[in-house]
Amino acid sequence: MDNRNDIISRINEKYSRMSKGHKAIAAYIIDHYDQAVFMTAAKMGEELHISESTVVRFASGLGYDGYPQMQEALAVWVKGKLNAVETMDVKYSNSTQSEVLTSVLSSDIEKIRHTIEHLDPVAFETAAELILEARTVYILGIRSCQPLADFLAFYLSMIRGNVVQIKTTSTSEVFEQMIRINEEDCIIGISFPRYSMRTLKAMEFANDRNAKVITLTDSVHSPMNLYSSCNLLARSDMVSIVDSLVAPLSVINALVVALCLKQPDVVKSNLETLEGAWNNYQVYLNDEINFINEDSMFANTFRKKDGESL
């Protein structure tokens, strides 16, 4: 669904200008839409400890005639989400497994091609510089975006110290882990539709504390761009009920490689130290290929020779 006038798009568009109470309602609807769709204005107010009139005014602020019309719009949006399975059945009902494989992979290839054409190289370069210069790098990705955050945090920790991956099940836990963030730090927020309100709030908090904010998201229309000064855009459409994260992962891969090439000696030293720790403390049990040696491909990548460029 790519209707810029649907209820979630309206919420995303107006979120930065909402009052504290209205932001709480917006967050609840996005994070608990399957429950909110059945709630009366009074029940939602009770759930959020705010007045019924505040909920009604929220609906008006989104451009609806009243709460019932907003609730109807939410029902339409939820129905569209639930119809994703039916749409997938129709699209692939007569396809062989081989055809399904080809279709999905071809779609992913197109997403990477689109990302190559639309990702701003200046933003990419800026992101790399901010990550290297920051005192502490915070990384946040929730729900389907958590594997992307895991991947980035793992490899970023190989390149530099003070990398904090925020793992949380509630908004309050986000702020507890970010309590010391300030202008010397940066945060990387990763979020794709359905956008995470917890990630957005974390980026707002970081922005208020004057930290550098980097976002990895899908388009210029993403609410994640509200508080970010450096936007990395990667295509991520719904192929079925599963979000395609191939293009975002490719951007992360490119970012890791770019960071390695900016300080190859540091990366090589860190990996050799890690290799020594594995051997000394018998953590490394020869169940993986040892790349840290004189003849390894990885070592050759970062070895500087006379007249040889990286």
Side-chain angles (χ1 to χ4, degrees), residues 1-4 6 8-9 12-13 81 84 87-88 91-92 100-132 134 137-156 158-159 163 165 186-196 199-200 202-203 212-262 301:
M1 181 185 300
D2 189 27
N3 183 359
R4 295 296 172 193
D6 66 38
I8 302 302
S9 295
N12 290 334
E13 180 184 350
K81 299 293 288 185
T87 301
M88 180 181 65
K91 181 175 182 179
Y92 297 116
V100 170
L101 175 64
T102 301
S103 177
V104 172
L105 294 185
S106 296
S107 178
D108 282 341
I109 290 171
E110 178 56 36
K111 290 176 180 60
I112 292 177
R113 183 178 294 110
H114 181 278
T115 300
I116 292 172
E117 294 173 353
H118 292 85
L119 194 145
D120 182 1
V122 175
F124 183 85
E125 178 69 22
T126 300
E129 294 294 338
L130 291 178
I131 290 170
L132 289 178
V137 177
Y138 295 84
I139 302 173
L140 178 58
I142 294 175
R143 295 195 299 265
S144 62
C145 293
Q146 183 173 332
L148 294 175
D150 291 339
F151 187 90
L152 178 57
F154 177 81
Y155 283 103
L156 201 53
M158 298 282 191
I159 299 170
V163 175
Q165 183 181 357
C186 83
I187 183 172
I188 305 171
I190 306 172
S191 189
F192 293 84
R194 182 172 58 95
Y195 302 112
S196 167
T199 301
L200 183 61
M203 296 171 71
K212 283 72 175 178
V213 181
I214 301 169
T215 185
L216 177 58
T217 190
D218 66 320
S219 78
V220 294
H221 301 288
S222 169
M224 296 301 125
N225 300 331
L226 289 173
Y227 306 107
S228 172
S229 57
C230 182
N231 306 320
L232 302 179
L233 305 182
R235 187 72 175 267
S236 177
D237 290 337
M238 295 283 287
V239 175
S240 56
I241 60 172
V242 180
D243 293 316
S244 172
L245 299 176
V246 171
L249 183 58
S250 292
V251 172
I252 290 175
N253 278 339
L255 188 59
V256 170
V257 171
L259 292 169
C260 287
L261 294 177
K262 282 182 175 293
T301 301

At what distance, to the nearest 0.5 angstrom, does CG of Leu140 lie from CD of Gln165? 8.5 Å

On a heavy-atom basis, which atom in Ala149 and which in Gly141 lie closest, and how many Å separate them? CB-N, 3.7 Å

Straight-line distance of Asn253 CG to Leu152 CG, nearest 0.5 Å: 10.0 Å

Given Lys262 and Leu132, is the side chain to side chain contact (heavy atoms under 4.5 Å, CB included) satisfied, shown in steps? CA-CA 9 Å; Lys262 282 182 175 293; Leu132 289 178; 3.5 Å; yes

Quick one: closest heavy-atom pair of Val213 and Ser228, and the distance? O-OG, 3.1 Å

Taking only residues two or more places apart in sequence or in another chain, which ones pass ring-ring contact (aromatic ring centres under 6.0 Å, His included) with Phe151? Tyr155

Determine whether Leu255 and Ile131 make a side-chain contact, defined as any pair of heavy atoms from C-beta on separated by less than 4.5 Å. yes

Working for side-chain hydrogen bond (donor to acceptor under 3.5 Å, both in side chains), residues Ser191 and Thr199: CA-CA 7 Å; Ser191 189; Thr199 301; 4.8 Å; no

Of all the heavy-atom pairs spanning Ile139 and Ala153, show the shortest one and how long it is. CD1-CA, 3.6 Å

From CE (Met224) to CG (Leu233), nearest 0.5 Å: 13.0 Å

Quick one: list whatever passes side chain to side chain donor-acceptor pair (under 3.5 Å) with Gln146, sequence neighbours left out. none

Where do Leu200 and Pro223 come nearest, in terms of heavy atoms and distance? CD1-O, 3.3 Å

Can you name the residues that form a side chain to side chain contact (heavy atoms under 4.5 Å, CB included) with Cys145, not counting sequence neighbours? Ile190, Phe192

Within-4.5 Å side-chain heavy-atom neighbours: Val256 and Leu156: no

So CD1 of Ile188 and CG of Leu148: to nearest 0.5 Å the spacing works out to 12.0 Å

Rounded to the nearest 0.5 Å, what's the gap from CG on Asn231 to OG1 on Thr217? Could you check? 8.5 Å

Only counting residues at least two apart or in another chain, list the ones meeting salt bridge (Lys or Arg N to Asp or Glu O under 4.0 Å) with Asp120. none

Could I get the full list of side chain to side chain contact (heavy atoms under 4.5 Å, CB included) partners for Phe154, not counting sequence neighbours? Met158

For Thr115 and Ala247, work out which heavy atoms get closest and say how close. OG1-CB, 3.4 Å

Minimum heavy-atom separation for Cys186 to Ile214, with atom names? SG-CD1, 4.4 Å

I want to check something: taking the side chain as every heavy atom from C-beta on, are Thr215 and Met203 in contact at a cut-off of under 4.5 Å? yes

State which residues pass side chain to side chain contact (heavy atoms under 4.5 Å, CB included) with Thr126; sequence neighbours excluded, sorted by chain then number. Val122, Leu130, Cys230

When rounded to the nearest 0.5 angstrom, what is the spacing between CZ in Arg235 and NE2 in His118? 8.0 Å

